[in-house]
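The next block holds one structure in the form of structure tokens; read it before the comments.
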Amino acid sequence: MVNSRVESSAVAVTGGSGGAGRSCAGCGGRISDRFLLFSMERYWHTRCLKCSCCQAQLGEIGTTCYSKGGMILCRTDYIRLFGHSGACSACGQSIPASEMVMRAQGNVYHLKCFTCATCRNRLMPGDRFHYVNGTIFCEHDRPGGALLSSHLTPLQNSTLLPDQKVC
């Protein structure tokens, strides 16, 4: 399933003949090692079950791996790419692995959901914003700030003190 997080335990299997007769899901080669991993309903050489991003050998760094959008990920990279829940922090809906996202303070948002809480204008890369108690405000509507006369002024050229910048 592309849109859901799948957790699988990477289990080391031992035995005199190891994985005799089994082929590795990573390289396709025959597994004759004494130790092998079983994860996501498939067998792997210990060297072949790697994070798609950082290439860490998953059997060495923990017992859990994540699968989303055809990628196999360590916990750190899963959270970095998809947030803690894999869902948009604004609407709560799942974020497909192929979709571009916006991030603020460790939260992940659909592009369409990354909007000012006051004026509902969508914030774009390069726009300055304020993140107050989990709520996003454009620079014009920042709490405690003077309301500027127009939302048409380019936000990145404002002379107000910046708190955050969309990257």
Side-chain angles (χ1 to χ4, degrees), residues 1-117 122-137 156 162-167:
M1 283 189 271
V2 173
N3 292 339
S4 64
R5 183 177 95 179
V6 177
E7 291 186 44
S8 297
S9 295
V11 180
V13 178
T14 63
S17 59
R22 302 198 190 280
S23 60
C24 175
C27 70
R30 184 180 176 103
I31 301 174
S32 58
D33 303 347
R34 180 169 179 201
F35 297 98
L36 60 103
L37 300 175
F38 181 74
S39 183
M40 296 172 292
E41 304 299 318
R42 299 185 287 177
Y43 290 93
W44 306 78
H45 289 112
T46 55
R47 67 183 175 276
C48 291
L49 185 59
K50 297 179 185 177
C51 175
S52 298
C53 290
C54 69
Q55 300 302 310
Q57 290 185 1
L58 297 175
E60 293 181 3
I61 63 171
T63 59
T64 303
C65 61
Y66 299 81
S67 176
K68 185 167 180 174
M71 295 184 293
I72 299 169
L73 302 164
C74 65
R75 182 180 190 280
T76 302
D77 284 326
Y78 181 86
I79 290 170
R80 182 178 58 81
L81 293 172
F82 302 108
H84 289 282
S85 67
C88 176
S89 295
C91 71
Q93 297 294 313
S94 178
I95 300 175
S98 59
E99 187 172 314
M100 298 291 288
V101 297
M102 298 295 267
R103 299 173 190 281
Q105 300 295 316
N107 293 311
V108 182
Y109 301 84
H110 291 111
L111 294 178
K112 67 182 180 191
C113 295
F114 197 71
T115 60
C116 173
R122 193 170 130 199
L123 295 163
M124 307 298 287
D127 292 348
R128 296 192 185 281
F129 69 98
H130 300 267
Y131 195 79
V132 180
N133 297 326
T135 305
I136 300 166
F137 297 95
Q156 59 269 34
D163 277 350
Q164 301 282 328
K165 183 174 180 181
V166 178
C167 297

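Every heavy atom of this structure was used, including side-chain atoms; hydrogens, water molecules and symmetry mates were not. Numbering of residues begins at 1 and proceeds along the displayed sequence.
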### Task
State, without any angle test, whether Y131 and N107 hold a side-chain donor-acceptor pair at a distance under 3.5 Å.
yes
### Task
Give the intermediate values and the outcome of side-chain contact (heavy atoms from CB on, under 4.5 Å) for residues Y109 and V101.
CA-CA 6 Å; Y109 301 84; V101 297; over 6 Å; no
### Query
How many angstroms lie between atom CZ of F114 and atom CE of M100, to the nearest 0.5 angstrom?
13.0 Å
### Task
Under the side-chain contact (heavy atoms from CB on, under 4.5 Å) rule, collect the residues that match up with T76, sequence neighbours excluded.
C74
### Task
Over all heavy atoms of both residues, which pair between M40 and I72 is shortest? Give the atoms and the distance, please.
CE-CD1, 3.5 Å
### Query
If you round to the nearest 0.5 Å, how far is SG of C53 from OH of Y78?
12.5 Å
### Message
So, taking the atom named NE2 in H110 and the one named SG in C88, what distance separates them when rounded to the nearest 0.5 Å?
### Response
5.0 Å
### Message
Quick check: closest heavy atoms across L123 and F129, and the distance to 0.1 Å?
### Response
CD1-CB, 3.7 Å
### Query
Would I95 and V108 satisfy side-chain contact (heavy atoms from CB on, under 4.5 Å), going step by step from the backbone distance to the final call?
CA-CA 9 Å; I95 300 175; V108 182; 3.6 Å; yes
### Query
Can you check whether S39's main-chain N or O pairs, donor with acceptor, with W44's side chain at less than 3.5 Å?
yes
### Summary
Correct closest heavy-atom pair for L37 and L49 would be CD1-CD2, 3.7 Å
### Query
So which heavy atom on C51 is nearest to which on L58, and how close?
N-CG, 3.8 Å
### Message
Taking the side chain as everything from C-beta on, heavy atoms only, tell me whether R47 gets closer than 4.5 Å to D33.
### Response
yes
#### Entry: Nearest-0.5 Å distance, CZ of residue R34 to OG1 of residue T46
12.5 Å
### Query
Atom CZ of R122 and atom SG of C116: how far apart are they, to the nearest 0.5 Å?
14.5 Å
## Note on the structure
Minimal heavy-atom distance between F137 and A117, with the atoms involved, is CE2-CB, 4.0 Å
### Message
What's the separation between atom OG in S52 and atom CG in L73, rounded to the nearest 0.5 Å?
### Response
5.5 Å
### Query
Who are the side-chain contact (heavy atoms from CB on, under 4.5 Å) partners of E60, not counting sequence neighbours?
Q57
### Task
Determine the minimum heavy-atom distance between G29 and H45, stating which atoms define it.
O-CE1, 3.9 Å
